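Beneath this line is the structure, given in structure tokens, with notes to follow.
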Amino acid sequence: MNPATDIPLNDQSESKPLNFIHQIIEDDNAIGKFQKRVHTRFPPEPNGYLHIGHAKSILLNYGTAVKYNGKFNLRFDDTNPIKEEDEYVQSIIEDVKWLGADFEDRLLYGSDYFQKMYEYAIQLIQKGKAYVCDLSAEEIRNTRGSLTEAGTESPYRNICNRSINVNLIQFQLMKAGKFPDGSKTLRAKIDMASPNLNMRDPIMYRILHADHHRTGAEWCIYPMYDWAHGLEDSIEGITHSLCTLEFEDHRPLYDWFLDELGAYHSQQIEFSRLNLSYTVMSKRRLLELVQKKYVNGWDDPRMPTISGMRRRGYTSEAIRNFTERIGVAKRDSTVDVALLEFSVREHLNKIAPRYMGILNPLKVIIDNYPDDQEEFLEAINNPEDESAGTRKVPFSKEIYIEAEDFMEAPPKKFYRLAPGTEVRLRYAYFVTCTNIVKDDRGNIIEIHCTYDPATRGGDSPDGRRVKGTIHWVSARHAKTAEVRLYDRLFTAENPAGEKYLEYLNPESLKILKNCHIEPALFENATPGLRFQFERLGYFCVDPDTNDNKLVINRTVTLRDTWAKIAGKQAR
RNA sequence: UGGGGUGUCGUCCAACGGCAGGACAUGCGGCUCUGGACCGUAGGAUCGGGGUUCGAAUCCCUGCACCCCAGCCA
């Protein structure tokens, strides 16, 4: 700490340019606005699971609070009982915590302020700035005007028709449940001719005889977003109220309410939401994918949800690094999913222990290896982390290798096993392919090799070199696992529009039931374990795992240079 | 055609009147018991047209393109 400022010195703020929001904050602090206080919040509606776009917002809000030694609230914006559920509240709390955004004891609910909001509404009515309107939903729509034409005033708008006292009584009767749903609203009296549609006497309260997940049947009038949100920020003393671009048009209304009430006034700042290539990010569409079973729930590893990514094996640190890299701005943008995957690989490379596992097995018999012999060869657990140590991997006469690592007629630059070629079995021996066994239809069933005993451990005493090193698992010692391979959910870079379902990737999930893994992994395999299958990618143990079945998810593949070369050769 | 926003490498973000830079992606090379990781290297951008200025991505004018808004959703 710097004793003069109490600000942590470890951040890189001098070296990195400020994003535009932090620039605003520093300008604010320079003139002493908010007494140099910074207090942010993440205000989700509990009507769905959080996705990576929310992660951007959470980490921006939390990171901003940390950077300026401020506070961060988690506040549920739960003003619409029809759409909201406790299940969503619980999942959101879990996700925010998992991301590392610490809201301390400030787990808050907009619904806790309903009484206060009600009292504020009475204040506005008393000021002559709000009125009860009997127009139906359709009538309100018809009198709102259009983008280019002014609206017309409600007949209930003017005090000549309805005195302040009558409005007050009507509003109290609304709250008391005397009217059916949709029969009346409380509206702000602003300007039906405003070019900003949000200012055309916006609705503050609607009647909804619905049970709320927290307040039950206590209320039958519920505040609208524009009315509620600024008050929630105000009540909590939020300084910088960060939201996405589509609320820019709402800022004049946000300001109007707070100014008319003379209430504490936080500053709304808008930034552009995150779009990611090859996926969809709207709650509506994610809900549809879940409800129509295109995926297996909100936490399906193909989903861009926080819970899906967690199940897929992504780390919160990787997601944090990703959101750092993408920055914050106001222009519409679609981030390449490759950047996310890079962040995931980068972190997993440092922390994931390595194991060997065979996804598509091909049996290899080492003819000159003694039938009953077995030995245990030393393997490095993580070349990026010496403290991860080593382990012993069993070896025997019959092993499995990856079917893709053998070709009868190899193309140029294929550095793997082929008739007559020698490769290294990782941490084991050099082997040379001597024979191929096929079935009646010509499919390769197994291959035969000879090994060089002098190369034990993988080094040749005579200094001869091999181009390729492949992974393997001893057949006798192998354990079986189900491996789920995930690919992008959509085939289109931007699956936009109403026909987005047409771009669903039919190959986004492939289940391999006969995978062979080394015993050390089997012993350590508890759900959530993240590891690398050497040469294949990063994987994790899925919670579907039980005593009878080990289920493994592929998180992300390793960069595959050979696939690129092979792809070019095919073209 | 009202109002509010936004235009910089393929993508995302910087440059705050003074050499357009970084990351990812891509190409090439090196290294390697993971064709991984890592290292090096190359190509690649200021929406158009005017103007101000010694000097413009940045300021002014003028076009153009894209996004958002007519829920008793948030």
Side-chain angles (χ1 to χ4, degrees), chain A residues 16-19 23 43-45 47 77 79-80 82-83 133 135-137 140-142 144-151 181-187 194-200 202-208 222 224-226 228-229 243-252 270 272 274 277 283-284 324-343 345-346 349-350 354 356 379-380 383-384 413-416 424-428 430 455 457-459 465-471 493 532-537 557-566:
Chain A
K16 250 191 306 182
L18 299 173
N19 66 47
Q23 188 64 253
E45 184 190 16
N47 67 345
D77 199 3
T79 57
N80 183 358
I82 292 167
K83 291 188 173 178
C133 179
L135 256 29
S136 70
I140 286 181
R141 193 185 330 121
N142 291 339
R144 187 155 26 225
S146 72
L147 293 178
T148 51
E149 299 158 308
D181 287 3
S183 59
K184 290 175 194 292
T185 57
L186 182 72
R187 292 227 257 167
S194 172
N196 182 342
L197 268 40
N198 296 121
M199 302 298 270
R200 318 240 262 226
I203 293 167
M204 296 164 59
Y205 278 94
R206 74 282 216 189
I207 301 172
L208 242 38
Y222 289 93
M224 297 285 290
Y225 169 85
D226 288 303
H229 203 89
C243 63
T244 43
L245 249 32
E246 67 270 27
F247 293 104
E248 211 146 17
D249 279 347
H250 294 245
R251 181 155 29 94
E270 310 84 11
S272 58
L274 170 65
S277 59
K283 273 191 186 176
R284 206 202 92 218
E324 274 295 311
R325 286 187 168 105
I326 59 175
V328 184
K330 293 192 70 159
R331 56 186 98 109
D332 293 316
S333 63
T334 301
V335 174
D336 191 341
V337 72
L339 184 58
L340 211 211
E341 292 174 344
F342 168 82
S343 299
R345 286 191 190 100
E346 177 189 47
N349 176 49
K350 289 189 196 118
R354 272 59 167 173
M356 290 196 285
I380 295 165
E384 305 290 323
K413 294 190 180 172
F414 184 83
Y415 300 148
R416 308 175 187 186
R424 174 188 296 110
L425 296 175
R426 179 96 159 136
Y427 299 124
F430 286 11
T455 57
D459 290 305
R465 301 171 75 96
V466 289
K467 275 251 171 101
T469 299
I470 64 176
H471 60 281
E493 192 170 323
Q532 183 194 103
F533 271 142
E534 294 229 10
R535 301 208 308 131
L536 297 176
T557 60
L558 251 25
R559 271 188 66 223
D560 190 347
T561 308
W562 166 243
K564 267 179 211 162
I565 296 168

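First the proteins, then the strands, lettered A, B, ... as listed; each starts at 1. If you're wondering where the values come from, they're calculated on a predicted model, not measured in any experiment.
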Take atom [atom1] in [N] and the same atom in [M], then report the distance between them in whole Å.
N      : M      : atom1 : answer
B:rG43 : B:rA25 : C1'   : 13 Å
B:rC39 : B:rG55 : C1'   : 39 Å
B:rG22 : B:rA14 : C1'   : 7 Å
B:rU58 : B:rG17 : C1'   : 7 Å

Exercise. Measure the spacing between CZ of A:F342 and CZ of A:R325 and express it to the nearest 0.5 Å.
Key: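 Rounded to the nearest 0.5 Å, the CZ-CZ separation comes out at 4.5 Å.
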Please name the nucleotide paired to [N] by Watson-Crick or G-U wobble geometry with both distances under 3.5 Å, or report none.
N      : result
B:rG40 : B:rC28
B:rG17 : none
B:rG35 : none
B:rU53 : none
B:rC66 : B:rG5

Please determine whether a side-chain nitrogen or oxygen atom of [X] lies at a distance below 4.0 Å from atom OP1 or OP2 of [N].
X      : N      : result
A:R200 : B:rG3  : no
A:T561 : B:rG36 : yes
A:R535 : B:rG35 : yes
A:R331 : B:rC13 : yes
A:R144 : B:rG71 : yes

Hey, is [X] close enough to [Y] for a salt bridge, meaning N to O under 4.0 Å?
X      : Y      : value
A:R426 : A:E534 : yes
A:K330 : A:E248 : yes
A:K16  : A:E324 : yes

What does [X] touch in the nucleic acid at a heavy-atom separation under 4.0 angstrom: a base, only the sugar-phosphate, or nothing?
X      : value
A:L274 : nothing
A:K350 : nothing
A:E45  : sugar-phosphate
A:P43  : nothing
A:V328 : sugar-phosphate
A:D249 : base
A:R559 : sugar-phosphate
A:I565 : base
A:S146 : base

Practice problem: Go through the side-chain N and O atoms of A:E346 and A:S343 and say whether any donor and acceptor fall under 3.5 Å apart. | Solution: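 Note: A:E346 and A:S343 side chains miss the donor-acceptor criterion.
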I need the [atom1]-[atom2] distance between [X] and [N], as an integer number of Å.
X      : N      : atom1 : atom2 : result
A:N80  : B:rA74 : CG    : P     : 5 Å
A:D332 : B:rC13 : CG    : C1'   : 15 Å
A:D560 : B:rA25 : CG    : P     : 14 Å
A:L340 : B:rA25 : CG    : P     : 12 Å

Quiz item: Should B:rG71 be called syn or anti, with syn set as within 90° of 0?
Solution: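 Chi for B:rG71 falls in the syn range.
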Exercise. By nearest nucleotide on RNA chain B, pick out whichever of A:E493 and A:L197 is the more 5' one.
Key: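 Counting from the 5' end, the first nearest nucleotide belongs to A:E493.
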Quiz prompt | Options B:rG71, B:rC13, B:rU34, nucleotide nearest the side-chain atoms of A:R354 | solution =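 Nearest to the side chain of A:R354 among the choices is B:rU34.
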Quiz item: Of all the choices, B:rC24, B:rU32, B:rU34, which nucleotide is nearest to the side chain of A:R465 once you look at every atom?
Solution: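 Of the options given, the side chain of A:R465 lies nearest B:rU32.
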Quiz item: Is the base of B:rG35 touched by the side chain of A:R416 through a donor-acceptor pair closer than 3.5 angstrom?
Solution: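 In this structure, the two groups form a donor-acceptor pair.
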Quiz item: Ignoring hydrogens and angles, does a donor from either the side chain of A:E270 or the base of B:rG4 sit under 3.5 Å from an acceptor on the other?
Solution: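 Result: no qualifying N/O pair found.
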Quiz item: Does the ring center of A:W562 lie less than 6.0 Å from the ring center of A:Y415?
Solution: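 They do not qualify: ring centres at least 6.0 Å apart.
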Quiz prompt | Aromatic-base stack, A:W562 on B:rG35, cutoff 5.5 Å, angle under 30 | solution =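 It does: the two rings, one from A:W562 and one from B:rG35, meet the stacking criterion.
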